[in-house]
Amino acid sequence: MPEMNDFNKAIIDEFRANHGKVGGGFEGAPVILLTTTGARTGEHRVNPLVSQPKDHDTIYVFGSAGGGPRHPDWYYNLVAHPRVEVEFGDDTFSATATVLSGPKRDE
């Protein structure tokens with residue numbers, strides 16, 4: 001199995017080459033590319049994530065650290081620096097991330 005970075009890079013390249021469409025295990029899923037700023041490094045990091053568009057102004061994203069007990073690194077990055085860049089299809093825009101909790105998260 002390729003390194004996670006290699007796996008992500010392949011998805012990112014496919015997403016950008018195919019106007020936001022990807023195949024494999026993500027085929028048909030609403031995938032976005034989320035660019036965060038590293039909590040410790042300050043470097044920009046791009047991660048492909050499954051999303052659920054709610055309305056014109058809201059997109060929910062889902063992710064895990066491979067089923068591990070910790071949140072994925074991108075989660076800690078957006079908590080530290082909530083200003084993110086989102087690539088959705090051919091569109092790219094800035095957004096402010098909000099971590100949901102309680103009933104909103106459960107919904």
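No hydrogens, no waters, no symmetry mates; every other heavy atom, side chains included, goes into these values. Everything numeric in this text was worked out from a predicted model, so none of it was measured.
With values rounded to the nearest 0.5 angstrom, Tyr76 atom OH is found 10.5 Å from Arg40 atom CZ. Put simply, CG on Leu78 and CZ on Arg83 are 13.0 Å apart, with the number rounded to the nearest 0.5 Å. Atom CD1 of Ile11 sits about 4.0 Å away from atom CZ of Phe26, to the nearest 0.5 Å. Taking OG1 of Thr35 as the start and CG of Asn47 as the end, the distance is 8.0 Å to the nearest 0.5 Å.
At least one side-chain heavy atom of Val61 sits under 4.5 Å from a side-chain heavy atom of Ile32. Contact annotation: the side chain of Asn77 never approaches that of Val84 to less than 4.5 Å [non-hydrogen atoms, C-beta and beyond]. By the 4.5 Å heavy-atom criterion applied to side chains, Val86 and Thr92 are not counted as neighbours. Within the 4.5 Å cutoff, no side-chain heavy atoms of Val31 are placed close to those of Phe88.
Remark: side-chain polar atoms of Ser51 are not paired, donor with acceptor, to backbone N or O of Pro53 under 3.5 angstrom. Not one N or O on the side chain of Thr37 forms a donor-acceptor pair closer than 3.5 Å with the backbone of Gly42.
Closest of all the heavy-atom pairs between Tyr60 and Lys54 is OH-CD, 3.4 Å.
A salt bridge between Glu14 and Lys21 is absent, with no side-chain N of the basic residue lying under 4.0 Å from a carboxylate O of the acidic one.
By the criterion of side-chain heavy atoms lying less than 4.5 angstrom apart, applied directly or through intervening Ile, Leu, Val, Met, Phe, Trp or Tyr residues, Ile12 is not grouped with Ile59; the two fall into different hydrophobic clusters. Clustering ILVMFWY residues whenever any of their side-chain heavy atoms sit less than 4.5 angstrom apart, transitively, puts Val79 in the very cluster that holds Leu49. Cluster membership check: Val46 shares its hydrophobic cluster with Val50, using side-chain heavy-atom separations under 4.5 Å among Ile, Leu, Val, Met, Phe, Trp and Tyr.
Remark: the Arg45 side chain and the Thr36 side chain contain no N/O donor-acceptor pair separated by less than 3.5 Å.
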